[in-house]
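Here is the structure we will look at, set down as structure tokens.
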Amino acid sequence: MAATTVKHPKGLYFVFSISIAERFGYYGMRALFVLYMINALMMDKDLSALIYGNYTGLVYLTPLIGGYVADKYWGMRRSTFWGTVLMVIGQLLMFFSALYFQYPGPARWLMYLGLGALIFGNGFFKPNVSTFVGQLYEPGDRRLDSAYTIFYMGVNLGAFVAPLICGFLGDTGDPADFKWGFLVAAIVSLLCLILYVLRKDKYLVDPAGNPIGVEAAAGKKREATGTIPSVKYTLKEIVLWIVVAGGLFALFIYLFKGDLIGAFIYTAALVVPAFVISDKSLTKIERQRIWVIYIIAFFVIFFWSAFEQAGISLTYFAAEQTNRDILGWTMPTSWFQSFNSVFVILLAPLFAQLWLALGARNREPSSPVKQAIGLLLLSLGYLLIAIGVQGVEPGVKVSIMWLVGLYFIHTMGELCLSPIGLSMVNKLSPVRFASLLMGVWYLSMATANKLAGTLSSLYPEEGKMKYLFGIEIANLFDFFMVFVVMAAVASLILFLLSKKLQKLMHGVR
């Protein structure tokens, strides 16, 4: 067991800083995205939900590409650089889309190009920056869960400030002002790029002072044997994988009525993890640890598909059925997306200290138990707002405190699940697959975000009948209860599996 000190390395706070800037760009744009599509590009809710789900789903799918390229070819530093460059380009394209919103054709194409650049930019940035955190520490360092919680606080500091500033400038009620919110997101993304280029060499070092992320992980020696894994696939195996992927893709296109992006995401969610786990260089323990990542990633889908309603159905709810008047001032709808982040900033240090204190007493829950608790809290948050809207007629506005309460409870659930999940993937992954498996973890979030867009289409609308498994979703109470039941069942099953999963982790907490 590595020696543990309370003080964290300076590199953690460098990663903290660039994450603030990068997340500002992402969440500033996201706070305006649905509102921009509805109020400037005049799209309906179903189409805006479809585009939102596709965008956020692909944002979490492309880390597979970024992780693979970093592991095999570029290394984490180079991949992070190009990811940041693409995000700057994407934010600028969103600005130009909003600048010419009165010309629907060009504006939509500029938006789609901007979304594409943001999708691939996030793909190269996200898995590698998350992996940097783990490599700042020695294996077995008990500070790692605390470090990922601090890192997560940085992510949410950017996510807190962004909707306030971008929303203030862009969400004014005048469609012509959306461009200013997108422009600020672009400027902060550029600052992130400059900071990374200037300071990466100084702060991205391991405990011995050696630079991290320069070489591709595939070129490193295996920890246990000192040999370099060299796995070659036969032509027969390659053809088999292509046939399986093609068959699944065709099946999902049929099931989801021609939704190509959805079919691609769901196919990747099955094929990529299977491809990784079939690697012949894996030892028995490595393979069992990877299975733990996969099983927990499956349950994470249920968490994020409910949690990510914040950007879609909960935005509709905030705009249409929440009383936003405060002492004669009407709060912008986009500001609601800062609630979760400010709660993370306030609560993250407390959770970081909680995990350290419990760890010092050997009473810290295992990662699966923490994540089961997160799912339970998610269910309770939706139960709270379901109670708040029970019997409320369409168009009648409810107190802002119902949404505040939901976001507060969801934040506690998020702090039990998300930073702990990042830490778990880092601790369980073989070094040569570190970024790729971080990409697989984000793949579960891609699936969840795509599913979130699908579930948001159940949001009640006057004159439209909506059903889930033959059950009518007639009102907001029915809609929110879908997430109550889904998260509660997932939490219970994960609790029951937690001891078995802990054994398969082979001593990793």
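Looking at residues two or more places apart in sequence or on another chain, you find a side chain to side chain contact (heavy atoms under 4.5 Å, CB included) between F168 and W335. Scored by the ring pair (Phe, Tyr, Trp, His ring centres under 6.0 Å) test, F120 finds no partners at all (sequence neighbours excluded). Residues passing the side chain to side chain donor-acceptor pair (under 3.5 Å) test with T62: none are found, sequence neighbours excluded. Residues passing the ring pair (Phe, Tyr, Trp, His ring centres under 6.0 Å) test with F160: none are found, sequence neighbours excluded. Legend: residues meeting ring pair (Phe, Tyr, Trp, His ring centres under 6.0 Å) with F96, ordered by chain and number and at least two apart, are absent. Taking S457 as the reference, nothing meets the side chain to side chain donor-acceptor pair (under 3.5 Å) condition, with sequence neighbours excluded. Evaluation of the ring pair (Phe, Tyr, Trp, His ring centres under 6.0 Å) rule for Y100 yields no partner, not counting sequence neighbours. Partners of S341 under the side chain to side chain donor-acceptor pair (under 3.5 Å) rule, at least two apart in sequence or in another chain, do not exist in this structure.
Taking every heavy atom of both residues into account, F125 and I18 meet most closely at CZ-O, 4.2 Å. Shortest non-hydrogen contact noted between G181 and C166 is O-SG, 3.4 Å. Across all non-hydrogen atoms, the minimal contact from F483 to S305 is CE2-O, 4.1 Å. Among all heavy-atom pairs drawn from M445 and Y60, the shortest one is CE-CE2, 3.5 Å. Nearest heavy atoms, L12 versus A147: CD1-O, 3.7 Å. What you find for G121 and L86 is that their closest heavy atoms are CA-CB, 3.7 Å.
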Tabulate below the donor-acceptor pairs under 3.5 Å that side-chain atoms of residues 342-349 make, not counting sequence neighbours, or state none.
none

Could you give the side-chain donor-acceptor pairs of residues 185-205 under 3.5 Å, partners two or more places apart or in another chain?
unit_1, atom_1, unit_2, atom_2, d
S189, OG, A185, O, 2.9
Y196, OH, R77, O, 2.8
D201, OD1, R77, NH1, 2.7

Quiz: residues 26-46 side-chain donor-acceptor pairs under 3.5 angstrom, not counting sequence neighbours:
unit_1, atom_1, unit_2, atom_2, d
R30, NE, Q337, OE1, 3.3
R30, NH1, Y52, OH, 3.4
R30, NH1, E308, OE1, 2.7
R30, NH2, Q337, OE1, 3.1
Y36, OH, S97, O, 3.1
Y36, OH, S97, OG, 2.8
Y36, OH, A98, N, 3.3
N39, ND2, L35, O, 3.3
D44, OD1, D46, N, 3.3
D44, OD1, L47, N, 2.8
K45, NZ, E320, OE1, 3.0
K45, NZ, E320, OE2, 2.5
D46, OD2, K464, NZ, 3.4

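By the 4.5 Å heavy-atom criterion applied to side chains, Y459 and L476 are counted as neighbours. Counting heavy atoms from C-beta outward, E22 and N122 have side chains that approach closer than 4.5 Å. The side-chain heavy atoms of L115 and I51, taken from C-beta on, include a pair separated by under 4.5 Å. Taking the side chain as every heavy atom from C-beta outward, V69 and F124 approach each other to under 4.5 Å. The shortest distance between side-chain heavy atoms of L455 and F479 does not fall below 4.5 Å. At a threshold of 4.5 Å between non-hydrogen side-chain atoms, the residues F101 and K179 do not count as touching. Within the 4.5 Å cutoff, the side chain of F299 has no heavy atoms near those of the S491 side chain. At least one side-chain heavy atom of F336 sits under 4.5 Å from a side-chain heavy atom of I400.
Under a 3.5 Å cut-off, the side chain of Y294 and the backbone N or O of W441 do not form any donor-acceptor pair. A distance-only check finds no donor-acceptor pair linking the side chain of S79 to the backbone of M76 [under 3.5 Å]. Side chain of Q91 to backbone of G25: a donor-acceptor contact under 3.5 angstrom is found. Remark: side-chain polar atoms of S379 are not paired, donor with acceptor, to backbone N or O of L375 under 3.5 angstrom.
Under a cut-off of 6.0 angstrom, the local environment of CZ in F298 is sparse, with at most 12 non-hydrogen atoms contributed by other residues, nucleotides or ligands. Within 6.0 Å of OH on Y112 lie more than 12 heavy atoms contributed by other residues, nucleotides or ligands. Counting heavy-atom neighbours within 6.0 Å of F264 CZ, excluding the residue itself, gives a total of 12 or less.
A perpendicular orientation is assigned to the rings of Y137 and H8, their planes being inclined by more than 60° (bins at 30° and 60°). Note on ring orientation: taking the six-membered ring where Trp is involved, the planes of F307 and W304 are perpendicular (angle over 60°, cut-offs 30° and 60°).
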Pair V398-N323, side chain to side chain contact (heavy atoms under 4.5 Å, CB included): steps then yes or no: CA-CA 6 Å; V398 301; N323 184 356; over 6 Å; no

Does F303 form a side chain to side chain contact (heavy atoms under 4.5 Å, CB included) with E414? I'd like the steps, not just the answer. CA-CA 9 Å; F303 182 90; E414 181 184 8; 4.2 Å; yes

Residue pair V59, L118: steps toward the side chain to side chain contact (heavy atoms under 4.5 Å, CB included) verdict: CA-CA 7 Å; V59 158; L118 289 170; 5.7 Å; no

Chi angles and distances behind the side chain to side chain contact (heavy atoms under 4.5 Å, CB included) call for F302, L451: CA-CA 9 Å; F302 297 101; L451 181 59; 5.7 Å; no

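Between atom CG of residue D259 and atom OG1 of residue T454 there is a gap of 7.0 Å, rounded to the nearest 0.5 Å. Atom-to-atom distance recorded for M401:CE and I385:CD1 is 12.0 Å, nearest 0.5 angstrom. Put simply, OH on Y407 and OG1 on T411 are 9.5 Å apart, with the number rounded to the nearest 0.5 Å. If you take OG on S456 and CD on Q309, they are separated by 5.5 Å, rounding to the nearest 0.5 Å. Distance CG/L384 to CG/L403: 9.5 Å, rounded to 0.5 Å. The structure places CG of N128 at 10.5 Å from CH2 of W74, a figure rounded to the nearest 0.5 Å.
Of the charged side-chain nitrogens involved, at least one lies within less than 4.0 Å of a carboxylate oxygen, so that E364 and K370 count as a salt-bridged pair.
A salt bridge (Lys or Arg N to Asp or Glu O under 4.0 Å) check over residues 321-332, counting only residues at least two apart or in different chains, returns nothing.
Side chains of Y316 and T322: no donor on one and acceptor on the other come within 3.5 Å.
In summary, of the residues considered (T56, L61, N54), a side-chain contact (heavy atoms from CB on, under 4.5 Å) with K450 occurs for N54 alone.
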